[in-house]
Amino acid sequence: MLKGTRKHPRMRYDIISILLPIIVVSLLFTIISIAPFGSRNLLISDLSTQYLQFFAELRRQLIHLSFSSYSFLISIGDSLIPVYAYYLLSPLNLIVIFFDPSQLPIAIDLIIWAKIILCSISMSTFLGHKYQRYDFMAICGGLAYGLCGFVSMYFYDLMWLDSLILLPIMIYGLEKLYKQNKVWLYVFGLTAIIMTNYYMGYIICVKGTRKM
């Protein structure tokens, strides 16, 4: 158990499970000099060729409240409505509104920074509830999840990270379904994953079906 007052171990656990990922991820960004903690950015692969342009257009239209349903940003031109739906399903993407167009790489780095931290907090919360042990090892488990190989390999598809934030909630719901026959948390978690990112939702459904 985390040392401290026995009356409030859960409160201390919650505070540390939030602060530790913030400190560790910030230090990591500082060490490798990633904006806003350094001069480099994470704009590789889809982040530079796809997300940056879409975020710039999304920001412009949100700022001016002038929405177009068609754009030539997509191949030879296509409807923007599915793109709006896809990008606005993650509230963190609205961070781009508060940055100038020239600073959008910093905004994107901050979105990834925040999502990694939320992944860690989500898993730490799940581990604490599952084992009823609000200790430092559970917090480290959450941090390891937030910095896992999937995040390291696929951070440039930052919309996929939302599913990793929601995955521990879905798994906890699945356990409640199995042990207590309570279905709603599982349905909520899985539905939220599918709505947030249908690629990850499809994979999770397939994997879950195979294991069942």
Gap between atom [atom2] of [Y] and atom [atom1] of [X] - 0.5 Å precision:
X    : Y    : atom1 : atom2 : result
F150 : W160 : CZ    : CH2   : 5.5 Å
F136 : S17  : CZ    : OG    : 11.5 Å
I116 : L164 : CD1   : CG    : 10.0 Å
L143 : I121 : CG    : CD1   : 10.5 Å
L127 : I139 : CG    : CD1   : 10.5 Å
E175 : M170 : CD    : CE    : 10.0 Å

Do [X] and [Y] come close enough that some side-chain heavy atom pair is under 4.5 Å?
X    : Y    : result
Y134 : H129 : yes
L185 : L177 : no
M159 : N93  : yes
L118 : L92  : yes
Y172 : T125 : no
Y154 : L161 : no
Y13  : S124 : yes
K115 : F155 : no

Could you go through L147 and L28, starting from their C-alpha distance and side-chain angles, then the distance that decides it, and tell me whether this counts as side-chain contact (heavy atoms from CB on, under 4.5 Å)? CA-CA 10 Å; L147 298 173; L28 181 62; 4.1 Å; yes

Nearest heavy atoms of [X] and [Y], plus distance in Å:
X   : Y    : result
P36 : L110 : CG-CD2, 3.7 Å
S26 : W113 : OG-NE1, 3.2 Å
F55 : L104 : C-CD1, 4.2 Å
F37 : T30  : CB-OG1, 3.5 Å
F99 : A107 : CD1-CB, 3.6 Å

Over 12 non-hydrogen atoms of neighbours within 6.0 angstrom of CG in N181: no

Check the surroundings of atom NZ in K130: do more than 12 heavy atoms from other residues, nucleotides or ligands lie under 6.0 Å from it? yes

Check whether any side-chain N or O of [X] sits under 3.5 Å from a backbone N or O of [Y] as a donor-acceptor pair, and report yes or no.
X    : Y    : value
D109 : L42  : yes
D135 : A138 : yes
Q53  : S48  : yes
S33  : S39  : yes

Can you list the steps and then say if N41 with I106 is a side-chain contact (heavy atoms from CB on, under 4.5 Å)? CA-CA 7 Å; N41 60 60; I106 298 176; over 6 Å; no

Hydrophobic cluster membership, [X] vs [Y], 4.5 Å side-chain cutoff:
X    : Y    : answer
L20  : M137 : no
I97  : I108 : yes
L27  : V151 : no
Y51  : Y199 : yes
V183 : I169 : yes

Run the numbers on Y178 and L174 for side-chain contact (heavy atoms from CB on, under 4.5 Å), then give the verdict. CA-CA 6 Å; Y178 178 74; L174 185 61; 5.8 Å; no

Set out, in order, the CA-CA distance, both residues' side-chain angles and the distance that settles side-chain contact (heavy atoms from CB on, under 4.5 Å) for S120 and Y145, then state yes or no. CA-CA 6 Å; S120 300; Y145 174 75; over 6 Å; no

With no hydrogens and no angle check, just 3.5 Å: does a side-chain donor-acceptor pair link S163 and N197? no

